[in-house]
Amino acid sequence: MKITIFGTGYVGLVTGACLADVGHDVMCMDVDDDKIARLREGVIPIYEPGLEALVKNNVEAARLRFTTDPVEAVAFGTLQFIAVGTPPDADGSADLQYVLTVAETIGRHMLDYKVIVDKSTVPVGTADRVCGAVAETLKARGEALDFDVCSNPEFLKEGAAIEDFTYGARIVVGTDSERVKELMRECYAPYSRLHDKMMFMDVRAAELTKYAANAMLATKISFMNEIANLAERLGADVEQVRHGIGSDPRIGYQFIYPGCGYGGSCFPKDVQALVRSAAEVDYQAELLNAVEAVNRRQKQNLFTKLAQAFDGDLAGKTIALWGLSFKPNTDDMRDAPSRTLMEAVWDAGGRVQAFDPEAMSECRRLYGERGDLTLVADRIQAVKGADALVICTEWKEFRSVDFAWLKANLTTPVVVDGRNLYDPQIVKRAGLLYFGVGRGDSLQMVG
């Protein structure tokens, strides 16, 4: 098939590369001239394991191409995927200006039948608005061309996006058109060879499915963080509790790891957008509001523990930070707990000495050059001369540590483990003050 994808961000680029890799002819369109020029040269704007090679291979095979020309893009594919950003507005609702701009672009340049596929994460009712935008644009042209709009939400985890696209559990399509069903089956046929993954449903149900899935996962994370906070006060170890409840098949082990809060491009904005959608139909989404409130509080937890350790005085202290991205295998720092921690340390008069395997450039882009932030070459350099170590991201290279070395290199022996990577007893036996998340820690202070 010939497929056009509007947007070369995380979703658009992964979708385009994966569809090209199974034999489709794919054209990715973006208005950013510089980004398209770099993509043509094989320079990937984001870090995602395996994506650079996948793009390179399919560009060389002439199955994947890039353009800034909307006329060329609209003419290219029968399927027109919209995969542009939907950033949150000030009130938390999804900003649909880019989605609707693409819809108008398609309506302005289409010359024959098109299926417009909403791949971006959008609130319920967006397909109707896209349909209206295309219809109005066609009417202004004096044209009466046939088209359909369907919803095809993505379920990609950053750091495992290619695997999720290729081996995902389901492919959701919202449509009532048999013609669209046939074309979408053809599009995704290479991914349904072992069994049929296609799930057809109403458009509005498909739109809500994406938000409901992310909200459910965010709820599990916030619930476990609540239990962790309770465990600290009751003197229980939440890791033992996690094993106890995770063994129940009705609950399972996924997304019940306590930590310093969720971040990234999906969970925060999608929960907020769903809360806003509820408010628009006069429904108070109390559980979702609580999920967000717990997460905001949890991101403050690392700084609270640091402040406890130093009796509230962090002025002049240097904090070593391992991990900047919101999760491993990505350079994404959107809503990352590290940002909440760093900004709180700076406000308290402290300094940050940080290392991350992939997110250093993103950190520089976000914060620029400043005297209270030092980005170093590796985890060893981050620790040297620091007053405390905080782990924000569970990168594999942070999982194994010589604690005697750590104690010798820290000015004061404080470790705040925001991802529960270490056994508290082993760390404490090495002479370090250890603060995990829900590990039954009592108040400890330096000196």
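All of these numbers come straight from a predicted model, not from anything done at the bench.
Within a 6.0 Å sphere centred on CZ of Arg129, other residues, nucleotides and ligands contribute 12 heavy atoms or fewer. Applying the 6.0 Å contact sphere to CG of Leu234 captures more than 12 heavy atoms from other residues, nucleotides or ligands. Counting heavy-atom neighbours within 6.0 Å of Tyr188 OH, excluding the residue itself, gives a total above 12.
Ring pair Phe255/Phe267 is tilted by interplanar angle, where 30° to 60° counts as tilted.
Atoms CD1 and OG, on Ile116 and Ser151 in that order, are 13.0 Å from each other to the nearest 0.5 Å. Note that the CD1 atom of Ile221 and the CD atom of Gln254 stand 11.0 Å from one another [nearest 0.5 Å]. Distance check: Asp21 CG to Thr166 OG1 gives 7.5 Å after rounding to the nearest 0.5 Å. One finds the CZ atom of Arg65 at 9.5 Å from the OG1 atom of Thr4 (value rounded to the nearest 0.5 Å). Taken to the nearest 0.5 Å, the OG atom of Ser325 stands 12.0 Å off from the CZ atom of Arg334.
Distance alone, capped at 3.5 Å, places no donor-acceptor pair between the Gln381 side chain and the Leu375 backbone. Looking at His24, its side chain does come within 3.5 Å of a backbone N or O of Cys187 through a donor-acceptor pair. A side-chain donor-acceptor contact under 3.5 Å links Tyr10 to the backbone of Glu158. Between the side chain of Asp164 and the backbone N or O of Lys157 there is at least one donor-acceptor pair closer than 3.5 Å. Not a single donor-acceptor pair under 3.5 Å links the side chain of Ser222 to the backbone N or O of Val294. In this structure a side-chain-to-backbone donor-acceptor pair under 3.5 Å is present from Asp417 to Tyr422. The backbone N or O of Ala73 lies less than 3.5 Å from no partner atom in the side chain of Thr67, so there is not a single donor-acceptor pair. Distance alone, capped at 3.5 Å, places no donor-acceptor pair between the Ser192 side chain and the Ala189 backbone.
Electrostatic pairing of Asp25 and Arg63 does not count as a salt bridge here, judged by no charged N lying under 4.0 Å from a carboxylate O. In this structure, Lys56 does not pair ionically with Glu52, as no charged nitrogen and carboxylate oxygen lie closer than 4.0 Å. Using a 4.0 Å cut-off between a side-chain N of Lys or Arg and a carboxylate O of Asp or Glu, Asp202 and Arg204 do not qualify as a salt bridge. Between Glu362 and Arg365, at least one side-chain N (NZ, or NE/NH1/NH2) sits under 4.0 Å from a carboxylate O, which counts as a salt bridge. Asp196 has a carboxylate O that lies under 4.0 Å from a charged side-chain N of Arg185, or vice versa, which qualifies the two as a salt bridge. Salt-bridge formation is detected for the pair Arg38/Asp34: a Lys NZ or Arg NE/NH1/NH2 atom is positioned less than 4.0 Å from an Asp or Glu carboxylate oxygen.
Screening residues 206-230 for salt bridge (charged side-chain N to carboxylate O under 4.0 Å, His left out) gives Glu154-Lys210, Glu226-Arg297 as the qualifying pairs, with residues at least two apart or on separate chains.
Taking the six-membered ring for Trp, Tyr167 and Tyr191 have ring centres at least 6.0 Å apart.
Taking the ring centre of Tyr434 as origin, the terminal cationic atom of Lys428 falls outside the region bounded by 6.0 Å and 45° from the ring axis. In this structure, Arg419 is not positioned above the aromatic face of Trp395 in the sense of NZ or CZ being under 6.0 Å from the six-membered ring centre and within 45° of the axis.
Scanning both residues, Phe355 and Ala377, for their nearest heavy atoms gives CE1-O, 3.2 Å. Heavy atoms only, all atoms of each residue included: Val122 and Tyr211 are closest at O-CE1, 2.9 Å. For the pair Gly259 and Val437, the tightest heavy-atom approach, listed with the atom from each and the gap, is O-CG1, 3.6 Å. Heavy-atom minimum distance, Met342 versus Cys363: CE-SG, 4.3 Å.
Using modelled atom types, one finds a donor on one side chain and an acceptor on the other under 3.5 Å when comparing Arg339 with Tyr367. Residues Asp95 and Gln97 bring a donor and an acceptor atom of their side chains to less than 3.5 Å of each other. In the model, Asn152 has a side-chain atom that pairs as donor or acceptor with a side-chain atom of Lys119 under 3.5 Å.
Exactly one of Asp356, Val352, Leu324 qualifies for a side-chain contact (heavy atoms from CB on, under 4.5 Å) with Ser338. That residue is Leu324. When each of Asp30, Leu13, Ile5 is tested with Phe66 by the rule side-chain contact (heavy atoms from CB on, under 4.5 Å), just one qualifies, namely Leu13.
Contact annotation: the side chain of Leu341 never approaches that of Lys299 to less than 4.5 Å [non-hydrogen atoms, C-beta and beyond]. The shortest side-chain heavy-atom distance between Pro87 and Tyr98 falls under the 4.5 Å cut-off.
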Show which side-chain atoms of residues 312-323 pair as donor or acceptor with protein atoms under 3.5 Å away, not counting sequence neighbours.
residue : atom : partner : partner atom : Å
Asp313  : OD1  : Ala315  : N            : 3.3
Thr318  : OG1  : Arg351  : NH1          : 3.3
Trp322  : NE1  : Arg379  : O            : 3.1

